[in-house]
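Everything on this sheet refers to the single structure shown next.
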Amino acid sequence: MTEIFGVPLQALFGQLLLGLVNGSFYAILSLGLAIIFGLLNIINFTHGAMYMLGAFLVWMGLNYFNIPYGWALILAPLIVGIVGVIVERTMLQWLYKLDHLYGLLLTFGLALMIEGVFRHFFGVSGNPYQTPDFLRGGANLGFMFLPYSRAWVVLASVVVCLATWYVIERTKLGSYLRAATENPKLVQAFGVNVPLMVTLTYGFGVLLAGFAGVLAAPIIQITPLMGSNLIIVVFAVVVIGGMGSILGSIVTGLALGLVEGLTKVYYPQFSDTVVFMIMAIVLLLRPAGLFGKEK
């Protein structure tokens with residue numbers, strides 16, 4: 001069997017695939033965080049809870065209401081987005097002119113409350129989700145076996161991330177969003193409903209987290225702790241890419257997933273800390289992040 005630096009090729013590509021799957025989650029979650037921070041100036045600690053909520057909505061939809069995965073893929077993120085709209089309208093809108101710390105503390109408290117409710121009703125043990133028929137099995141590529149469920153996560157994440165980047169960076173709607181963050185009064189003078197735009201932006205940011213939860217449901221155990229276990233790494237990804245950088249979140253998320261996969265092959269003892277080591281190095285050399293802009 002072919003080996004690279006003492007590691008069989010099949011094992012190497014298997015770990016790279018797992019790293020790419022993790023990177024897909026990092027990319028889509030950090031993208032939502034970047035949108036919320038870049039356009040609303042809020043450090044959103046509820047993101048992990050919304051990711052968990054999306055996964056649980058899929059699980060409850062199938063087990064309580066017999067809603068198939070295809071419909072849940074649409075409904076669950078929408079429900080999470082509506083929850084985000086309610087949170088923004090009732091709480092966050094009063095914090096935009098205050099220091100970042102207030103938004104961070106509020107969203108952190110909300111995350112603990114949401115997680116606590118789900119721990120009370122569902123415990124901390126994992127809840128398996130029945131894999132949809134179209135995601136079962138896989139393809140033998142010769143050098144490795146590619147499960148359809150993991151290929152679906154990578155494909156869906158990349159498509160959604162690139163589509164979001166295109167809308168924000170290359171369309172008139174995106175230009176309105178960026179302008180509203182720089183000078184909301186001027187944009188409102190042109191007839192744009194800035195408060196509504198801000199609300200929908202926050203709703204879309206958490207919708208992305210809910211969508212990531214839907215993608216995760218068929219391949220991991222669904223628990224109330226799944227969001228809190230992931231959110232710290234995702235924040236590190238955002239910092240490395242550059243706070244508020246849309247492209248930085250996507251590229252950095254996917255790249256760090258691959259780096260994490262390689263580390264598990266060659267230096268497994270560092271696999272849980274490699275992202276934070278990279279973050280420390282980047283902050284020393286470029287405090288604004290790889291794709292961030294110096295102020």
Side-chain angles (χ1 to χ4, degrees), residues 17-18 20-29 31-32 35 46-87 114-115 117-141 145-164 167 200 202-231 234 253-254 257:
L17 174 62
L18 291 177
L20 189 58
V21 170
N22 289 335
S24 299
F25 289 123
Y26 297 161
I28 198 167
L29 286 168
L31 174 61
I35 290 172
T46 63
H47 221 62
M50 296 300 178
Y51 164 71
M52 178 268 293
L53 179 59
F56 262 104
L57 286 173
V58 176
W59 181 83
M60 289 188 289
L62 180 64
N63 288 277
Y64 297 159
F65 306 105
N66 200 30
I67 298 176
Y69 183 77
W71 281 105
L73 192 64
I74 300 172
L75 295 176
L78 284 177
I79 294 173
V80 174
I82 292 171
V83 172
V85 167
I86 294 172
V87 168
I114 296 170
E115 183 181 301
V117 169
F118 277 83
R119 289 180 66 177
H120 174 75
F121 286 104
F122 299 100
V124 295
S125 59
N127 298 283
Y129 181 81
Q130 182 179 345
T131 305
D133 292 338
F134 76 95
L135 294 180
R136 294 178 182 174
N140 189 348
L141 303 181
F145 182 78
L146 178 64
Y148 293 139
S149 57
R150 281 155 177 77
W152 159 247
V153 169
V154 176
L155 177 63
S157 176
V158 170
V159 169
V160 169
C161 287
L162 291 180
T164 302
V167 169
L200 294 179
Y202 183 82
F204 180 73
V206 298
L207 180 148
L208 289 175
F211 183 74
V214 176
L215 295 180
I219 64 174
I220 67 171
Q221 293 284 312
I222 302 171
T223 74
L225 302 178
M226 60 187 288
S228 58
N229 293 337
L230 189 62
I231 192 62
V234 174
L254 293 171

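Only heavy atoms go into these numbers, but all of them, side chains included; no hydrogens, no water, no symmetry mates.
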Exercise. Which value, rounded to the nearest 0.5 Å, describes the distance between Leu73 atom CG and Ile67 atom CD1?
Worked result: 12.5 Å
Problem set entry | Pairs satisfying side-chain hydrogen bond (donor to acceptor under 3.5 Å, both in side chains), at least one member in residues 120-137, at least two apart | Asp133-Arg136
Contacts table for residues 150-162: side-chain donor-acceptor under 3.5 angstrom, sequence neighbours left out:
unit_1, atom_1, unit_2, atom_2, d
Trp152, NE1, Tyr69, OH, 3.3
Ser157, OG, Ser24, O, 2.9

Exercise. Can Ile35 and Tyr202 be said to form a side-chain contact (heavy atoms from CB on, under 4.5 Å), step by step?
Worked result: CA-CA 8 Å; Ile35 290 172; Tyr202 183 82; over 6 Å; no
Exercise. Of the non-hydrogen atoms in Ala72 and Pro77, which two are nearest, and what is the gap between them?
Worked result: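 Minimum heavy-atom contact is O-CD, 3.5 Å.
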Problem set entry | Side chain His47, main chain Ile231, donor-acceptor under 3.5 Å |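 Absent.
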Problem set entry | Within residues 64-80 or reaching into it, pairs that qualify as salt bridge (Lys or Arg N to Asp or Glu O under 4.0 Å) - sequence neighbours excluded | none
For this session: Sequence neighbours left out, what passes side-chain contact (heavy atoms from CB on, under 4.5 Å) with Val117? Give chain and number order.
Result: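 Applying side-chain contact (heavy atoms from CB on, under 4.5 Å) to Val117 gives Phe121.
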For this session: State which residues pass side-chain contact (heavy atoms from CB on, under 4.5 Å) with Leu78; sequence neighbours excluded, sorted by chain then number.
Result: Ile74, Leu207
Problem set entry | Those residues that, when tested against Phe56, pass ring-ring contact (aromatic ring centres under 6.0 Å, His included) (two or more places apart) |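 So Phe56 forms a ring-ring contact (aromatic ring centres under 6.0 Å, His included) with Phe118, Phe122.
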For this session: Can you sort out the partners of Phe65 under ring-ring contact (aromatic ring centres under 6.0 Å, His included), two or more places apart, ordered by chain and number?
Result: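 Residues passing ring-ring contact (aromatic ring centres under 6.0 Å, His included) with Phe65: none at all.
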Distance-only donor-acceptor hits, side chain of residues 209-223, under 3.5 Å, sequence neighbours excluded:
unit_1, atom_1, unit_2, atom_2, d
Thr223, OG1, Leu225, N, 3.3
Thr223, OG1, Met226, N, 3.3

Problem set entry | With sequence neighbours excluded, residues passing side-chain hydrogen bond (donor to acceptor under 3.5 Å, both in side chains) with Tyr26 |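 For Tyr26 the side-chain hydrogen bond (donor to acceptor under 3.5 Å, both in side chains) partners, ignoring immediate neighbours, are Glu260.
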